[in-house]
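Notes to accompany the following structure.
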Amino acid sequence: MDNVGIVVDDMEAAIAFFTELGMELEGEAQVEGPWADRTVGLDGVRCDIAMLRTPDGHSRLELAKYRAPAAIDAGQQDRSHNTLGMHRVMFAVDDIEDTVARLRSHGAELVGGVARYEDSYLLCYVRGPEGIFVGLAQQLG
């Protein structure tokens, strides 16, 4: 997999949220033109993008803010976890409680609570900027 893409309205808040998770901003750019239109199947695309990578360099996340055509609010800000479609990105963390506390300063809300899966993991979901679901997994032992 090359990357996972997420459409956002507040690029600055989304970048701050994901860098707090340990991702590193690779760069930002604006994409537009016939090639962009053709790629996404829309006309008149003008989009700001930010590419972030995991600290190990193996995974990337692309944030996109559509200037044109305007992004469509699909009412996903408060959707529940069993909504059809892609619902979360999972991050491995060293300290789940500390990570949740740091993400709260970026507007994240804990969904449910932190759960223990046998003697293997602590797991939880947080809802970040614009309702983005993020899973956190702390391996035990």
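Trp35 belongs to a hydrophobic cluster with Val31, Ile49, counting contacts under 4.5 Å between side-chain heavy atoms of Ile, Leu, Val, Met, Phe, Trp and Tyr, direct or through other members.
In the hydrophobic clustering of this structure, Val93 groups with Val4; members are Ile, Leu, Val, Met, Phe, Trp, Tyr whose side-chain heavy atoms approach within less than 4.5 Å, directly or through other members. There is a path of hydrophobic side-chain contacts, each under 4.5 Å, that joins Leu25 to Met23. The hydrophobic cluster containing Leu122 also contains Val126, counting ILVMFWY residues as joined when their side-chain heavy atoms lie under 4.5 angstrom apart, directly or transitively.
With sequence neighbours left out, Asp56 forms a salt bridge (charged side-chain N to carboxylate O under 4.0 Å, His left out) with no residue at all.
Residues Val45 and Pro69 share a closest heavy-atom pair of CA-CD, 4.1 Å. In plain terms, the two heavy atoms of Cys47 and Ala64 that are nearest each other are SG-CB, 3.6 Å. Looking at every heavy atom in both residues, Arg53 comes nearest to Gly57 through CD-CA, 4.3 Å. Looking at every heavy atom in both residues, Leu110 comes nearest to Arg104 through CB-NH2, 3.5 Å. Across every non-hydrogen atom of Arg60 and Asp2, the tightest pair is NH2-OD2, 2.8 Å. The two atoms that bring Glu28 and Ala50 nearest to each other are CG-CB, 3.9 Å, heavy atoms only.
Atoms CG and CG, on Asp95 and Leu136 in that order, are 10.5 Å from each other to the nearest 0.5 Å. Note: Ile6 CD1 to Phe17 CZ = 9.0 Å, rounded to the nearest 0.5 Å. Atom-to-atom distance recorded for Leu21:CG and Leu103:CG is 4.5 Å, nearest 0.5 angstrom. Distance CG/Asn3 to OG1/Thr54: 11.5 Å, rounded to 0.5 Å. A distance of 11.0 Å separates CD1 in Ile96 from CG in Asp98, rounded to the nearest 0.5 Å. To the nearest 0.5 angstrom, Glu32 atom CD is 9.5 Å from Asp37 atom CG.
For the pair Tyr66 and Leu42, the minimum side-chain heavy-atom distance is below 4.5 Å. Side-chain contact check for Val8 versus Pro129: every heavy-atom pair is 4.5 Å or farther apart.
Counting non-hydrogen atoms of neighbouring residues, nucleotides and ligands closer than 6.0 angstrom, the OH atom of Tyr121 reaches no more than 12 such neighbours.
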Per-pair distances, 0.1 Å, donor-acceptor, side chain in residues 9-16, under 3.5 Å, sequence neighbours excluded:
from	atom 1	to	atom 2	distance (Å)
Asp9	OD1	Lys65	NZ	3.2
Asp10	OD1	Glu12	N	3.4
Asp10	OD1	Ala13	N	3.0

From CA spacing to verdict: side chain to side chain contact (heavy atoms under 4.5 Å, CB included), Arg67, Asp48 = CA-CA 7 Å; Arg67 303 281 182 188; Asp48 299 332; 2.7 Å; yes
Would Phe18 and Val89 count as a side chain to side chain contact (heavy atoms under 4.5 Å, CB included) if you check the C-alpha gap in whole Å, the side-chain angles of each, and the deciding distance to 0.1 Å?
-> CA-CA 11 Å; Phe18 285 107; Val89 178; 5.7 Å; no
List the steps and the verdict of side chain to side chain contact (heavy atoms under 4.5 Å, CB included) for Arg116 and Leu140.
-> CA-CA 9 Å; Arg116 183 183 192 101; Leu140 300 173; 3.5 Å; yes
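Within the cation-pi definition used here (under 6.0 Å to the ring centroid, within 45° of the axis), Arg127 qualifies as a partner of Phe133.
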